[in-house]
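What follows is a set of notes on a single structure, which appears directly below.
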Protein chains: 4
Amino acid sequence: MSNSVKRIGVLTSGGDAPGMNAAIRAVVLTSIHLGIDCVGIRRGYTGLISGDIVPMTAEDVNGIERCGGTILYTARSAEFQTEKGLQRAVDNCKFMDIEGLVVIGGDGSYRGALELSRHGVPVVGLPGTIDNDIGCTSYTIGFDTACNTAIDAVDKLDDTMQAHERCSVVEVMGHRAGHLALNVGIATGATVTLIPEMGVDFEADVSGRIRSARLKGQTHFTVIVAEGAASAHEVAEKIKAATGIDTRVTTLGHIQRGGSPLIRDRVTAARMGYKAVRLLADGVFNRIICMNGEKCVDYDIEEALNMTKGLDEDACLMQDALMS
Amino acid sequence: MSNSVKRIGVLTSGGDAPGMNAAIRAVVLTSIHLGIDCVGIRRGYTGLISGDIVPMTAEDVNGIERCGGTILYTARSAEFQTEKGLQRAVDNCKFMDIEGLVVIGGDGSYRGALELSRHGVPVVGLPGTIDNDIGCTSYTIGFDTACNTAIDAVDKLDDTMQAHERCSVVEVMGHRAGHLALNVGIATGATVTLIPEMGVDFEADVSGRIRSARLKGQTHFTVIVAEGAASAHEVAEKIKAATGIDTRVTTLGHIQRGGSPLIRDRVTAARMGYKAVRLLADGVFNRIICMNGEKCVDYDIEEALNMTKGLDEDACLMQDALMS
Amino acid sequence: MSNSVKRIGVLTSGGDAPGMNAAIRAVVLTSIHLGIDCVGIRRGYTGLISGDIVPMTAEDVNGIERCGGTILYTARSAEFQTEKGLQRAVDNCKFMDIEGLVVIGGDGSYRGALELSRHGVPVVGLPGTIDNDIGCTSYTIGFDTACNTAIDAVDKLDDTMQAHERCSVVEVMGHRAGHLALNVGIATGATVTLIPEMGVDFEADVSGRIRSARLKGQTHFTVIVAEGAASAHEVAEKIKAATGIDTRVTTLGHIQRGGSPLIRDRVTAARMGYKAVRLLADGVFNRIICMNGEKCVDYDIEEALNMTKGLDEDACLMQDALMS
Amino acid sequence: MSNSVKRIGVLTSGGDAPGMNAAIRAVVLTSIHLGIDCVGIRRGYTGLISGDIVPMTAEDVNGIERCGGTILYTARSAEFQTEKGLQRAVDNCKFMDIEGLVVIGGDGSYRGALELSRHGVPVVGLPGTIDNDIGCTSYTIGFDTACNTAIDAVDKLDDTMQAHERCSVVEVMGHRAGHLALNVGIATGATVTLIPEMGVDFEADVSGRIRSARLKGQTHFTVIVAEGAASAHEVAEKIKAATGIDTRVTTLGHIQRGGSPLIRDRVTAARMGYKAVRLLADGVFNRIICMNGEKCVDYDIEEALNMTKGLDEDACLMQDALMS
């Protein structure tokens with residue numbers, strides 16, 4: 001009944017996140033299930049401009065739910081920021097009869113989606129980013145896998161720091177948002193966690209806490225630094241200077257983006273991809289799919305872009321109690 | 001101001017779940033942080049009856065957030081079901097000046113906690129079970145780790161089933177609840193998922209779906225069976241008989257209970273353990289700590305025991321679209 | 001200079017093992033590197049009989065070193081045991097100009113390879129089996145990954161057995177050979193390990209050892225049973241009867257075959273696949289590639305089939321000292 | 001018969017490696033099994049000088065085979081290089097009746113052991129280092145786990161590099177030895193691997209190979225750099241300049257030292273620890289335990305210190321064929 005929509009396109013945009021492939025798979029299989037043709041656009045908006053558009057079959061997405069990265073590639077497109085680039089993208093959608101476009105990515109990608117929708121391309125956005133920094137949704141695809149990659153690394157570092165009675169300063173991802181750092185800090189019982197949302201008072205937040213931990217009997221220490229909060233190397237230098245403890249820096253970097261997605265990211269991706277196509281099939285568009293706790297919901301794009309979310313307050317308080 | 005409470009006890013009860021140790025750690029460290037003495041009761045209510053009660057220090061819980069199982073051991077106690085056993089437990093709490101008791105476990109453990117509270121022992125319950133089958137909370141400590149252990153196993157089975165073009169019937173945990181099975185099925189793109197909440201029509205639900213998958217080009221198949229839904233061996237026999245496909249059964253069993261807890265279980269355990277002690281310190285008791293989406297809340301025990309939750313409906317619908 | 005060989009075929013046969021794909025990749029890329037055409041035969045000897053032969057390019061094997069299973073599928077072929085089947089296979093090799101055939105599999109597969117070689121097809125065998133039960137080689141592709149999958153499961157079981165103070169009986173693979181069981185037992189500090197190479201005296205080998213472990217202070221126990229050594233369920237029943245300890249059985253089963261191959265299996269597969277093609281390119285054939293410690297060597301097939309290897313004697317003695 | 005030896009000491013020295021705990025466990029349990037008292041010396045030679053010596057029981061080592069790091073801590077001791085420090089260490093051994101000392105560490109640790117032996121302390125050395133750079137042994141405890149940690153990281157990086165079509169430059173451990181880098185390169189199909197044993201000709205070894213890989217159709221690239229071979233950042237800058245490819249650097253660092261030891265390291269540690277105590281119990285000392293392929297052997301310390309081993313030559317040749 002619903003299928004006035006003939007063809008749906010799907011693309012991934014911005015930084016990749018584990019679970020993007022599971023989302024692509026859900027979009028493709030749900031489309032097929034509803035009798036809608038599905039095409040993939042490669043390299044995000046870049047491919048929409050250049051017309052790098054490929055048919056997607058069930059076979060193409062077979063087993064990809066297990067794989068990190070994105071089979072559609074991803075990119076950031078400067079050309080898409082121009083009126084000419086945007087128009088090319090719109091024209092290609094029309095030329096290819098793309099009557100619904102699923103955009104998997106972060107805030108920046110939604111701004112692009114909003115532009116497309118203003119030019120008549122029906123879009124639905126899906127939150128895919130390891131940072132969990134999108135205001136409208138309590139959860140973003142990729143966050144859990146990235147967090148677990150980070151704690152696995154911190155646990156490993158903990159082994160060797162314990163053996164040598166050292167201090168470990170670990171830089172994790174998070175330019176503007178401390179969600180990942182905060183969760184990693186709590187999960188690993190870090191002595192200190194520094195996040196971009198809060199100012200850093202070295203004496204109070206770092207050396208004071210290491211002193212407290214030492215008084216509790218700790219002989220090795222972990223300091224989690226979100227990349228936007230401070231320079232891990234500077235923090236380490238200061239710790240060495242202030243405490244004399246042998247201190248080592250590890251920058252986790254891009255390993256946090258990869259890996260086989262864990263179940264939360266796979267299931268969230270499946271639920272969101274399914275819902276995105278259902279909405280488009282039902283003639284609903286210009287929406288962002290979001291998690292509101294355990295519920296999968298959707299908001300108008302503009303409204304969604306204006307939503308904000310804070311950090312869990314208890315999480316910040318807890319740390320004083322739970323550090324070791 | 002709050003510390004009229006002098007001593008808090010903590011125990012784990014029922015089946016163990018990954019993250020129980022992280023919860024114990026949070027209870028112990030938060031108590032210490034608030035200047036409250038903390039003791040551990042070993043083997044759940046059994047230890048409360050026999051007086052198997054040990055002091056807990058920061059050193060005792062150092063690093064246990066990484067470990068599966070429970071350092072306090074766990075058990076099911078028949079004696080506690082008797083009036084005499086219950087009274088001994090109550091007497092021991094009083095004798096040991098336990099002015100607040102944190103019970104980490106499932107529904108059955110809360111019934112025990114309710115009895116204790118009726119006899120004047122202030123209790124707070126924490127949901128720890130891999131089944132996620134507690135009505136009052138959207139999430140239980142251990143669920144995520146168990147689910148990921150299961151998908152890791154199913155992914156491995158998928159490798160060898162692909163190589164041999166076989167059908168894999170995998171029995172996962174879940175006597176009464178299909179949450180784990182359902183999530184595992186979605187995450188792995190299972191052809192079929194059987195859960196206790198729904199009747200099984202073999203032709204429609206199993207062989208019909210395998211046929212569909214074959215027509216889509218699949219050459220190997222995965223059937224997830226929650227232990228309460230059907231006999232995995234019977235299902236496998238029927239598949240062999242109906243389709244001729246070489247079919248193998250794997251029972252994941254107790255491996256789903258163990259392993260280093262993943263971040264969601266560690267962080268949920270930390271948040272809940274912290275909140276439990278905060279409540280007791282503030283003179284609030286006879287509560288169950290619950291997750292309501294991303295929020296950590298608490299309910300009266302009796303009220304909580306009467307709450308129910310269903311399966312995600314979309315999750316069931318999705319499966320038709322997303323199976324492979 | 002060497003390339004009188006125009007086309008090489010590769011197949012996987014018998015039970016799959018992690019690293020088979022890495023071996024296929026090495027065969028294909030080395031062939032291409034040496035200017036030799038490479039084809040894949042699907043489903044082992046079955047595909048050689050039916051002519052299920054596909055061209056292999058660098059793109060086909062891109063990234064497969066990370067994947068369990070075998071992209072060429074595997075099977076056991078009854079038809080190949082017949083003179084007619086064998087002749088069809090030989091004819092197909094000739095028809096397809098396959099001037100060298102790489103057979104990845106176990107002892108049974110080599111017998112097939114020997115038959116082919118007697119009919120004029122130049123073959124080289126590669127040991128791929130998780131059992132490490134091939135007499136001519138100290139190591140077989142897949143053994144390390146399978147062993148690690150098993151200890152990961154036993155470690156997980158250990159968590160929950162510790163929590164409940166239970167005994168865990170774990171059935172691991174090994175119909176005729178105890179290598180995997182023995183290594184798993186040593187690595188996990190198992191109380192008991194039963195292997196097919198030795199008779200089982202229940203009182204001396206099982207209950208006596210559990211008694212000793214209890215006297216050393218152990219409260220939970222692990223019994224590793226190779227599938228060919230005894231029935232895990234019978235062993236568990238006897239333990240319960242003799243000791244009263246709550247005893248649980250886990251059958252690891254096919255999960256031991258799957259999973260992303262670990263480095264030892266990937267590197268061994270790469271070395272062996274490379275060497276196999278080098279030999280064929282140099283006009284050397286009817287050989288089995290073997291590891292002799294760290295060295296990659298090759299033996300005549302017939303000679304190799306007559307070689308045997310025993311268990312590490314120290315490993316057996318060690319267990320008395322190292323059990324816990 | 002053998003037990004003229006009353007007490008054995010065990011220490012870990014130099015950089016920690018996964019499996020050191022499994023070796024400690026084997027030393028302690030074998031001692032107990034043979035009726036020999038066992039003590040642990042903490043922080044390597046530092047603790048031998050300061051008398052930081054603790055009794056070791058079966059309970060102390062229960063379950064530590066699963067844990068990274070070393071429960072005995074490790075350190076490098078400048079004082080031990082002095083005659084006075086050495087004498088203090090010797091005196092402490094005599095004062096504590098340590099009639100045999102097991103030293104777990106690398107080459108540097110053996111030099112210390114040799115000095116002790118010259119002063120009358122019977123010693124046996126065990127190779128524990130992630131670098132596999134000890135001439136007398138084909139394998140060192142910790143190498144396999146470190147290699148697998150590295151390929152797991154490279155596999156994760158590969159996901160995101162594929163998604164963005166980037167080049168990944170990964171610095172792995174190895175100041176003087178390329179064993180780890182070489183194995184990681186082969187296992188992950190790296191485009192380039194740079195090791196300290198070979199000079200680096202950027203045009204031939206790096207940009208030339210990336211060009212070849214591109215011509216084969218590759219769109220993302222991995223360059224493995226052992227820390228002693230070149231500066232990863234300089235290599236990345238040059239790649240960007242020469243090819244224009246978006247290139248990212250990841251320094252794996254200390255995560256390569258930690259983590260639960262995999263089976264090869266646990267079993268090798270068990271075999272070596274067992275053999276070390278057996279030798280001491282039999283009155284044999286001043287030996288290094290080594291692996292010679294699959295065989296566990298022992299050499300005189302001085303002789304062992306003069307042994308060298310090279311890289312696998314085929315491994316270097318293979319890379320041209322197997323890169324992707």
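The figures that follow rest on heavy atoms only: side chains count, while hydrogens, waters and symmetry mates do not. Protein chains get the first letters and strands the later ones, always in sequence-line order, with residue 1 at the start of each. From a predicted model like this one, the values you see are computed outputs, not experimental measurements.
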Inset, instruction - Working to the nearest 0.5 Å, report the span between CD1 of A:Ile151 and CZ of B:Arg266. - result: 3.5 Å
Legend entry - Euclidean distance, A:Arg271 CZ relative to B:Met318 CE, rounded to 0.5 Å: 6.0 Å
Most contacts with chain B, counted as non-hydrogen pairs under 4.5 angstrom, among [options]:
options: A:Lys275, A:Glu294, A:Glu59; answer: A:Glu294
options: A:Asn183, A:Ile32, A:Asp155, A:Val61; answer: A:Asp155
options: A:Ala187, A:Gly273, A:Gly293; answer: A:Ala187
options: A:Leu322, A:Leu262, A:Leu29; answer: A:Leu322

Legend entry - Neighbourhood of chain A inside residues 208-223 of chain B, taking heavy atoms under 4.5 Å as contact: B:Gln218
Legend entry - When B:Met323, B:Arg264, B:Gln162 are compared by non-hydrogen pairs under 4.5 Å with chain A, the top option: B:Arg264
Inset, instruction - Mind ranking B:Asp265, B:Thr188, B:Asp158 by heavy-atom pairs under 4.5 Å with chain A and telling me who comes out on top? - result: B:Thr188
Legend entry - Short side-chain to backbone donor-acceptor contact, A:Asn148 and B:Ile263, under 3.5 Å: yes
Which answer fits [X], side chain, backbone, both or neither, if we ask what part of it has an atom under 4.5 Å from a heavy atom of chain A?
X: B:Thr57; result: neither
X: B:Val184; result: both
X: B:Ala270; result: both
X: B:Met291; result: neither
X: B:Asp320; result: both

Who passes salt bridge (charged side-chain N to carboxylate O under 4.0 Å, His left out) against [X], sequence neighbours left out?
X: A:Asp159; value: B:Arg66
X: A:Arg257; value: none
X: B:Asp60; value: none

Inset, instruction - Could you look at A:Ala26 and say if it's the side chain, the backbone, both or neither that has a heavy atom under 4.5 Å from chain B? - result: both
Inset, instruction - Please lay out, stage by stage, how B:Leu182 and A:Val267 fare under the test side-chain contact (heavy atoms from CB on, under 4.5 Å). - result: CA-CA 10 Å; B:Leu182 204 53; A:Val267 170; over 6 Å; no
